[in-house]
Amino acid sequence: MFVRQSFYRYLMTLRNPNSQDELAQFANNAFYDQAFPKQASDYDEVSQYLELNGSYLPSMTIFDQAWEAYLEKMA
């Protein structure tokens, strides 16, 4: 049985402290967010967390782009 990698684990592959790319910045900031739901692979769980606690995320559109890339990678 295939177990999907968590969104956080995928997001960490996008980290780049020297990049100005929005997805890289999202990943960098999530890395320092100790309460980020690291085991989650459910859109609603991660989305709700970010809406309530993701002050470092200037737009939820960035999360949606990252989620789409995550789904493509997991396909």
Side-chain angles (χ1 to χ4, degrees):
M1 181 175 166
F2 176 73
V3 177
R4 184 189 300 193
Q5 165 180 298
S6 74
F7 175 72
Y8 178 82
R9 189 164 177 173
Y10 166 74
L11 190 60
M12 292 302 99
T13 67
L14 304 178
R15 282 185 68 217
N16 182 347
N18 301 317
S19 175
Q20 295 303 313
D21 177 74
E22 291 177 327
L23 293 179
Q25 289 299 309
F26 173 29
N28 295 337
N29 290 323
F31 175 75
Y32 292 108
D33 180 354
Q34 300 217 351
F36 195 96
K38 293 176 175 65
Q39 303 304 318
S41 59
D42 177 69
Y43 176 88
D44 291 329
E45 181 180 353
V46 178
S47 177
Q48 184 175 21
Y49 172 80
L50 289 170
E51 287 176 7
L52 297 173
N53 304 291
S55 60
Y56 52 82
L57 192 61
S59 168
M60 286 300 286
T61 303
I62 298 166
F63 164 65
D64 289 334
Q65 291 170 350
W67 189 268
E68 286 300 317
Y70 166 64
L71 293 178
E72 287 175 17
K73 182 82 172 179
M74 296 300 107

### Message
On a heavy-atom basis, which atom in Ile62 and which in Leu23 lie closest, and how many Å separate them?
### Response
O-CD2, 3.5 Å
### Summary
Taken in chain and number order and not counting sequence neighbours, the residues that satisfy ring-ring contact (aromatic ring centres under 6.0 Å, His included) with Tyr10 are Tyr70
### Task
Rounded to the nearest 0.5 Å, what's the gap from CZ on Phe36 to CZ on Phe31? Could you check?
13.0 Å
### Task
Mark yes when over 12 heavy atoms from residues, nucleotides or ligands other than Gln48 sit less than 6.0 Å from its CD; otherwise mark no.
no
### Query
For the atom pair CZ (Arg9) and NZ (Lys38), what is the distance rounded to the nearest 0.5 Å?
14.0 Å
### Message
Let me confirm one number: the CD-CG distance from Gln65 to Leu14, rounded to the nearest 0.5 Å.
### Response
11.5 Å
### Task
Kindly assign one of parallel, tilted or perpendicular to the pair Phe63 and Phe26, based on the angle between their ring planes and the thresholds 30° and 60°.
perpendicular
### Query
So which heavy atom on Ala27 is nearest to which on Met12, and how close?
O-CE, 3.3 Å
#### Entry: Nearest non-hydrogen partners of Pro37 and Tyr8, listed with the distance
O-CB, 4.4 Å
### Query
Between Asp42 and Trp67, what is the shortest heavy-atom contact and its length?
C-CH2, 3.5 Å
## Note on the structure
The reported gap from OG1 in Thr13 to CG in Leu11 (rounded to nearest 0.5 angstrom) is 7.5 Å
### Message
Rounded at 0.5 Å granularity, tell me how far OG in Ser6 sits from CD in Glu45.
### Response
10.5 Å
### Task
Determine which pairs satisfy side-chain hydrogen bond (donor to acceptor under 3.5 Å, both in side chains) with at least one residue from residues 22-33, sequence neighbours left out, and list them in order.
Asp33-Tyr49, Asp33-Tyr56
